[in-house]
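Quick notes on the structure that follows.
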2 protein chains.
Amino acid sequence: MADGAELRERIPHPPAEALDLATILRTLGDPLRLEIVRVLADGRPRICGELAELLGVPTSTGSYHLRLLREAGITRTRVRGTSREISLRRDDLDARFPGLLDALTRS
Amino acid sequence: MADGAELRERIPHPPAEALDLATILRTLGDPLRLEIVRVLADGRPRICGELAELLGVPTSTGSYHLRLLREAGITRTRVRGTSREISLRRDDLDARFPGLLDALTRS
DNA sequence: CCCTTATTTCAATAACTTTGGAAATATCGC
DNA sequence: GCGATATTTCCAAAGTTATTGAAATAAGGG
């Protein structure tokens, strides 16, 4: 690690008020990312490698898509040991865009 | 007009069964196109030039975005005189993805 | 500490998207 | 047909996004 920055790594998430509908739609408008959201829709968090394997992509590709989902405010990422636990930000999304997630994950 | 193809010009629209959610989301994930959909959400059709002017873009740019909306199955385009009348495909969208349009145009 | 495991970042590349001026096409009314 | 009006298509430039191997970083456990 680079000299000096010894604080525990914090993963940045946008606050709920900052969520932008066009950004969310653009982010979900990719089959891989939409599939990730559908998998997470059951409320159970998954770890990054689990999702990459499920989608059949290298972890570097998975990590890229998970970063976009997190930056758009769609998912939340928590450090747990050497893994990251990914979950849907369902309450924030439901509060900000009622009905959207339901419409996307229905059936 | 090119020699021989004298039939009345028909504008292609995808059938309702062919609508794809990821394609629709990708298409709406552009601020200009999302704005067009919000304008059309009142159910009143608009002509192309009206929309381009409203958005402050050249008609060639407007025409490009309207083509993407039409090809994604989000809007319907009808020839009316020298103009094209653009409207939302609300019934098809509501039937195929219940709640989606409502969630996008609420407020 | 060092090793292992999980994940991210980097860098290069390829593929796709957006923009807008100019030219082409379509339709109408005369 | 012709001219006017509305829109689309073409094209090239610019911008953005996706993909992935390799290197870097992080955390945990001996």
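The structure displayed is predicted, hence computed values, not measured ones. Just so it is clear: chains get the letters A, B, ... in the order the sequence lines come, proteins before strands, and each one is counted from 1. In what follows, every heavy atom counts, from backbone to side chain, and hydrogens, waters and symmetry copies are set aside.
The two residues A:Ala72 and A:Thr23 have their closest heavy-atom pair at CB-CG2, 4.1 Å. Counting all heavy atoms, side chain and backbone alike, B:Leu40 lies closest to B:Arg46 at CD2-CG, 3.6 Å. Shown here for B:His13 and B:Arg76, the closest heavy-atom pair between the two residues is NE2-CA, 3.5 Å.
Remark: the backbone N or O of A:Thr77 is not paired with any side-chain donor or acceptor of A:Arg70 at under 3.5 angstrom. Although no hydrogens or angles enter the test, the distance criterion places a donor-acceptor pair under 3.5 Å between the side chain of A:Arg106 and the main chain of B:Pro98. A donor-acceptor pair under 3.5 Å is absent between the side-chain atoms of A:Arg26 and the main chain of B:Pro31, judged by distance alone. Not a single donor-acceptor pair under 3.5 Å links the side chain of B:Ser63 to the backbone N or O of B:Thr59.
When the P atom of D:dG29 is taken as reference, atom CZ of A:Arg80 falls 12 Å away, rounded to whole Å. Rounded to an integer number of Å, the gap from A:Arg84 CZ to D:dT25 P is 14 Å. Here D:dT7 presents its P atom at 9 Å from CG of B:Leu51, a figure rounded to the nearest Å. Rounded to an integer number of Å, the gap from CD of B:Glu85 to P of C:dC28 is 13 Å. B:Arg26 places its CZ atom 13 Å from the C1' atom of D:dA18, with the value rounded to the nearest Å.
Here C:dA6 is the nucleotide among D:dA27, C:dA6, C:dT27 with the atom lying nearest to any side-chain atom of A:Ser83.
Within 6.0 Å of CD on B:Glu53 lie no more than 12 heavy atoms contributed by other residues, nucleotides or ligands. Heavy-atom contacts from other residues, nucleotides or ligands closer than 6.0 Å to CZ of A:Arg78 number 12 or fewer.
Residues of residues 30-41 of chain B having a heavy atom closer than 4.0 Å to DNA chain C, listed by number: B:Asp30, B:Arg33. Near DNA chain C, meaning a heavy atom under 4.0 Å away, the residues from residues 54-76 of chain B are B:Pro58, B:Ser60, B:Thr61, B:Tyr64, B:His65, B:Leu68. Remark: A:Ile47, A:Cys48, A:Gly49 in residues 42-50 of chain A come within less than 4.0 Å of DNA chain C through at least one heavy atom.
Between A:Arg90 and A:Asp102, at least one side-chain nitrogen of the basic residue sits less than 4.0 Å from a carboxylate oxygen of the acidic one, meeting the salt-bridge criterion.
Criterion: ILVMFWY side-chain heavy atoms under 4.5 Å apart, direct or through other members. Under it, B:Ile86 and B:Leu54 are part of a common hydrophobic cluster.
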